[in-house]
Amino acid sequence: MTRKITKAIFPVAGQGTRFLPATKSVPKEIMTLVDRPLIQYAIDEAREAGITEFIFVTSRGKGALEDYFDHSPQLEASLEAKGKTDLLNILRATNMESGAIAYVRQHKALGLGHAVWCAGRLIGNEPFAVILPDDVIQGEESCLKQMVEAYEETGGNIVAAMEVPYEKTSSYGVLDVKEDMGQIVSTRGMVEKPKADEAPSNLAVIGRYILNPSVMENLSRTQKGAGGEIQLTDAIAQEIEEGRDVYGLRFRGQRFDCGSKAGFLQATVSFGLAREELRDEFSNYLSELHSLRSAAE
Ligand code: G1P
């Protein structure tokens with residue numbers, strides 16, 4: 001029997017320099033896809049997977065995130081008084097239970113592994129999830145929920161995985177596949193950001209993890225790795241070295257890298273087209289744009 005996964009860590013300490021000047025005053029996790037901040041997509045995905053405790057690893061300048069998760073009684077009252085029930089429901093759906101969110105600060109930007117380690121005391125001796133909000137996954141079923149279901153079957157550690165072109169392996173953690181069972185693969189190793197000719201496969205880790213508490217212990221001993229940072233990948237790879245299982249799950253859904261401008265724009269288009277109230281107008285615009293560009297070429 002596996003233990004229920006109730007806690008998720010959201011590393012949100014990054015400065016988002018790729019989105020300057022916007023991120024001078026707005027945390028990148030508050031940037032919006034259509035009308036919802038990136039972080040809201042991550043929270044909804046976690047809730048759908050049964051997560052009830054949300055741990056944010058923050059840094060200086062991330063106050064807007066805490067404000068976002070506060071309730072807004074005045075706004076709710078005014079919408080109620082005006083009978084704007086639809087908006088009220090949208091607003092209320094984002095309300096979090098009191099005490100469900102905790103914030104810890106990462107005082108130094110030492111890497112993703114260090115950020116996760118900062119939440120260690122709040123995790124204690126339980127398996128836990130990690131969600132990187134930059135990776136937004138669009139699909140019918142929450143990616144983390146798919147992982148929780150897989151975890152209930154396999155136990156061990158599970159990472160979300162996706163094939164990428166070999167020339168992109170240097171942007172990801174990459175799995176050394178032991179046995180490929182289709183949707184799930186077992187692993188014999190994991191490497192952070194290998195060059196194409198050194199990558200053990202092209203199956204990349206996407207920012208969703210279900211991890212044993214022993215990963216936290218590993219992290220307390222993990223030395224700096226790729227890019228001079230303390231890497232989560234290295235602490236997970238240590239699990240394999242110590243004889244514990246690590247699986248990759250090829251999830252159903254489309255992943256957008258919202259940490260990059262191109263990925264963010266693609267996500268905006270895709271989430272825009274997925275919204276019934278916008279679909280017609282927006283897709284007409286895109287078709288016109290496409291014909292204009294083809295005519296000009
Ligand atoms: C992080 C992880 C990497 C993973 C990636 C997924 O890298 O270190 O293993 O493949 O997220 O998005 P980052 O994108 O923060 O450099």
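Residue numbers count from 1 along this sequence. All values below come from the heavy atoms of this structure, side chains included, with hydrogens, waters and symmetry mates left out. Whatever order the structure lists ligands and atoms in, that order sets their numbers, starting from 1.
Residue Lys193 approaches ligand 1 through these ligand atoms, each under 4.0 Å from one of its heavy atoms: 7 (O), 8 (O), 13 (P), 16 (O). In summary, the atoms of ligand 1 found under 4.0 Å from a heavy atom of Gln231, numbered by their order in the structure, are 8 (O). Within ligand 1, counting atoms from 1 as listed, the ones closer than 4.0 Å to a heavy atom of Thr233 are 9 (O). Annotation for ligand 1: atoms under 4.0 Å from non-hydrogen atoms of Gly173 are 3 (C), 4 (C), 9 (O), 10 (O).
The aromatic rings of Tyr41 and Phe271 sit perpendicular to each other, their planes meeting at more than 60°, with 30° as the lower class boundary.
Using a 4.5 Å heavy-atom threshold, the side chains of Glu76 and Arg92 count as touching. In this structure, the side chains of Ile39 and Phe56 come closer than 4.5 Å at one or more pairs of heavy atoms.
For the residue pair Leu219 and Gln231, the shortest heavy atom distance occurs at CD2-O, 4.3 Å.
A side-chain donor from one of Ser270 and Gln138 sits under 3.5 Å from a side-chain acceptor of the other. A donor-acceptor contact closer than 3.5 angstrom is absent between the side chains of Asp234 and Gln223.
Considering Glu192, Glu229, Arg255 only, the shortest heavy-atom separation from atom 3 (C) of ligand 1 involves Glu192. When the options Ser171, Gly259, Gly14, Gly113 are ranked by their closest heavy atom to atom 14 (O) of ligand 1, first place goes to Ser171.
With a 4.0 Å cut-off on non-hydrogen atoms, Leu132 touches ligand 1 through its side chain and not its backbone.
Sparse packing is recorded around CZ of Arg60, with 12 or fewer heavy atoms of other residues, nucleotides or ligands lying under 6.0 Å away.
Heavy-atom distances between Asp135 and ligand 1 reach below 4.0 Å in at least one pair.
Atom 10 (O) of ligand 1 has its closest protein heavy atom at Val205 O, 2.6 Å.
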